[in-house]
There are 2 protein chains.
Amino acid sequence: MFIISGKGTIIEKRPLARKLSAFVALSDAELSVLERLHKRRRTFVAGRDLVHQGQADQAAYILLSGWACSYKLLHDGQRQIVDFQIPGDFLGLRSVVLHVSDHSVEPVTDLEVTEVFAADLFEAFAQTPRLATALLWTASRDEAMVVEHLVGIGRRGAAERMAHFLLELGNRLTLVGLGSKAGYDCPLTQYLIADAIGLSAVHVNRVLRQLREDGLATFRDGHVTFDDYDKLAAFADFETSYLDQLGPLLK
Amino acid sequence: MFIISGKGTIIEKRPLARKLSAFVALSDAELSVLERLHKRRRTFVAGRDLVHQGQADQAAYILLSGWACSYKLLHDGQRQIVDFQIPGDFLGLRSVVLHVSDHSVEPVTDLEVTEVFAADLFEAFAQTPRLATALLWTASRDEAMVVEHLVGIGRRGAAERMAHFLLELGNRLTLVGLGSKAGYDCPLTQYLIADAIGLSAVHVNRVLRQLREDGLATFRDGHVTFDDYDKLAAFADFETSYLDQLGPLLK
DNA sequence: ACACCGGACTGATCGAGATCAGTCGACGAC
DNA sequence: GTCGTCGACTGATCTCGATCAGTCCGGTGT
């Protein structure tokens, strides 16, 4: 095990730093402020909620390893998964600002996170405004993703939706070193995907089969393979600009 | 014409101040910083886009009067309206942070706005951090609305979706003095509503008829009437908490 | 006075995806 | 070893909402 001493090592070990570094050249000072947020390490086991809809909570989390999902429950028991979180993502940032969580967060796999209290976060912002801007940028990017998700559910057919979903996840994972244009490991079940893209689990299965038979992508045994990345991207009308746009204030 | 001299008058004339004042007691100093943002008044005519998808722009707008909508276009010409903006709302705030707009904004009616450059906004934030927090709160609330919208399209049936849509708009309009539990004026066409809630215009019409015949709500001649507010809210499973939650840092 | 247009509205038909009702294989508990 | 469970997978049927193809009405321009 290494002691974190240099910039490179931090970026390697901290997916959040790595993600931000893809867009801003953060100074050593800024990286170390970021590093100091990672004080309180916690772990969660798969399936037990971190955050409950309606819960008043004061802490956000930075995801270090594992996958989570944020979702909303309807009165009739249906649920809509709003987004999945992967290493480097924040959990429950909006809950902190709005004081009460409007959604729940559940680990998909076992998780490692660092807990960040609102106060620590605001203090870090005060010390390094560029960091605050970088996080505002992350939040805006998250919102853009939700909007894109909305468009998908509202207007795209099931197969395009699925293709778009797989591509977006791939893109995000690549950014933190967990994926490539060839594919990525993916611990999601077909039920989880169904709840995310607004299909029934049955139909998810059929659509996956279709993508497989058309030679576009394969999802099997916890691994997504892009059989023909470009064809898949064309099929899904996948536009990456909402994902990898630089913040103007960060250049 | 009046000269704005007192707090009451500003709140009356500025829907944004009114909206924020429903959640934070802004001081006279804060209100006047807010007022000073309203320098550059502009008007737009219905139908001509303010912001184009893919456009690099530096200014955001505060809506003073009229309605707008933000939408995304798909390659095949379909569009998904992400949200409608009413007086007191920001237009294109996310575009400023991400540098490039990921969506377009079109006036539904003629508009009066004030144009705010990013620099002015950040300067105002530096002067009064509470104002920055208040706007962060607005942005979070907008995101919560998009999420709720996502849940609606993903999981609610057409009629509930419509009911929820009408109720949410009513709630938002009430906050700026343009609506009540009885109803509100609404310049939207059935085509616009269709593009927003992910239905065809034909089906919007049928669903509106159903709500009318069931004695829940009537939308006719540019006016929405809540015939039975409570029954409608129960039908739509309408939860207001995501709309009127206080920010904890603002109390 | 007439043509034209946009928005509300409607009936008939079609189709994507939900739902129902299963099978099958892997794996952990006892 | 077998029971129970969970996820992947499939065929048959049903249904919600899309699509097609109109009508009707109230402007507005000529």
Side-chain angles (χ1 to χ4, degrees), chain A residues 45-47 67 69 74 76-81 106 108-110 152-166 185-214 217-225 235, chain B residues 45-47 67 69 74 76-81 106 108-109 152-166 185-213 217-225 235:
Chain A
V45 297
W67 291 43
C69 69
L74 274 75
D76 60 2
Q78 290 191 101
R79 76 168 171 180
Q80 174 69 46
I81 291 178
E106 183 186 302
V108 171
T109 65
D110 291 350
I153 290 191
R155 297 286 151 189
R156 273 190 264 264
E160 287 141 282
R161 209 141 91 215
M162 173 67 78
H164 197 278
F165 172 78
L166 295 177
D185 289 323
C186 172
L188 304 177
T189 67
Q190 297 187 349
Y191 285 85
L192 284 168
I193 298 178
D195 279 348
I197 64 180
L199 295 174
S200 66
V202 174
H203 208 62
V204 164
N205 190 279
R206 284 189 236 278
V207 167
L208 283 173
R209 170 156 49 112
Q210 188 198 318
L211 292 181
R212 198 187 319 135
E213 286 172 355
D214 291 352
T218 308
F219 177 28
R220 185 161 262 169
D221 298 325
H223 192 84
V224 173
T225 309
F235 174 68
Chain B
V45 297
W67 290 45
C69 69
L74 274 74
D76 61 2
Q78 288 191 100
R79 77 167 170 181
Q80 173 70 46
I81 291 178
E106 181 186 304
V108 171
T109 66
I153 290 190
R155 296 287 152 187
R156 273 188 263 262
E160 288 142 281
R161 207 141 93 215
M162 173 67 78
H164 197 277
F165 173 78
L166 295 176
D185 289 323
C186 173
L188 305 177
T189 67
Q190 297 187 348
Y191 286 85
L192 284 169
I193 297 178
D195 280 348
I197 63 180
L199 295 175
S200 65
V202 174
H203 208 63
V204 164
N205 190 279
R206 286 190 235 278
V207 167
L208 284 173
R209 171 156 51 112
Q210 187 199 320
L211 292 181
R212 199 187 317 134
E213 286 172 355
T218 308
F219 177 28
R220 183 161 266 170
D221 298 325
H223 191 84
V224 173
T225 309
F235 174 67

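The basis for the numbers below is simple: all heavy atoms, side chains too, and nothing from hydrogens, waters or symmetry mates.
Among C:dC9, D:dA8, D:dT19, the nucleotide with an atom closest to any side-chain atom of A:Thr189 is D:dA8. Here the nucleotide nearest the side chain of A:Arg212, chosen from D:dG17, D:dT19, D:dC9, is D:dC9. The side chain of A:Ala158 has C:dG17 as its nearest neighbour among D:dT10, C:dG17, D:dA8. Considering only side-chain atoms of A:Ser200, the nucleotide from D:dA8, C:dA8, C:dT19 that sits closest is C:dT19. Closest approach to the A:Asn205 side chain among D:dC9, D:dT19, C:dC20 is made by D:dC9 (side chain taken as heavy atoms from C-beta onward). For A:Leu199, whose side chain is taken as the heavy atoms from C-beta onward, the closest listed nucleotide among D:dG17, C:dG17, D:dG11 is C:dG17.
No more than 12 heavy atoms of other residues, nucleotides or ligands lie within 6.0 Å of CG in B:Asp221, so this atom counts as exposed by the packing criterion.
Straight-line distance from the CZ atom of B:Arg155 to the C1' atom of C:dT19: 13 Å, rounded to whole Å. The distance between atom CZ of A:Arg156 and atom C1' of C:dG17, rounded to the nearest whole Å, is 18 Å. Spacing between atom CD1 of B:Ile193 and atom C1' of C:dC9 amounts to 14 Å, rounded to whole angstrom units. Rounded to an integer number of Å, the gap from CG of B:Leu208 to P of D:dG17 is 14 Å. For the pair A:Arg220 CZ and D:dC9 C1', the computed distance is 10 Å after rounding to whole Å. Note: CG (B:Asp221) to C1' (D:dG27) measures 14 Å, nearest angstrom. To the nearest angstrom, C1' of C:dA8 lies 14 Å from CG of B:Leu192. In this structure, A:Phe219 atom CZ and D:dA8 atom P are separated by 7 Å, rounded to whole Å.
Using a 4.0 Å heavy-atom cutoff across all strands shown, B:Gly198 reaches sugar-phosphate atoms only and no base atom. Within 4.0 Å of B:Arg206, counting heavy atoms only, lies at least one base atom of the nucleic acid.
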Checking A:Leu188 against A:Phe165 for the side-chain contact (heavy atoms from CB on, under 4.5 Å) test, could you report, in this order, the C-alpha distance in whole Å, the side-chain angles of both residues, the deciding distance, and whether it holds? CA-CA 12 Å; A:Leu188 304 177; A:Phe165 172 78; 4.0 Å; yes
With side-chain contact (heavy atoms from CB on, under 4.5 Å) as the criterion, how do A:Arg220 and A:Thr225 come out once you've worked through the C-alpha distance, each side chain's angles and the decisive distance to 0.1 Å? CA-CA 8 Å; A:Arg220 185 161 262 169; A:Thr225 309; over 6 Å; no
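Of the two residues contacting DNA chain D, namely B:Val207 and B:Tyr191, the nearest-nucleotide position lying further toward the 5' end is that of B:Val207.
Checked by atom type and distance alone, the side chain of B:Arg212 never pairs as donor or acceptor with a backbone atom of B:Phe219 at under 3.5 Å. A donor-acceptor contact shorter than 3.5 Å is absent between the side chain of A:Arg156 and the backbone of A:Arg161.
In this structure, A:Arg209 does not reach the D:dC9 phosphate: none of its side-chain N or O atoms is under 4.0 Å from OP1 or OP2.
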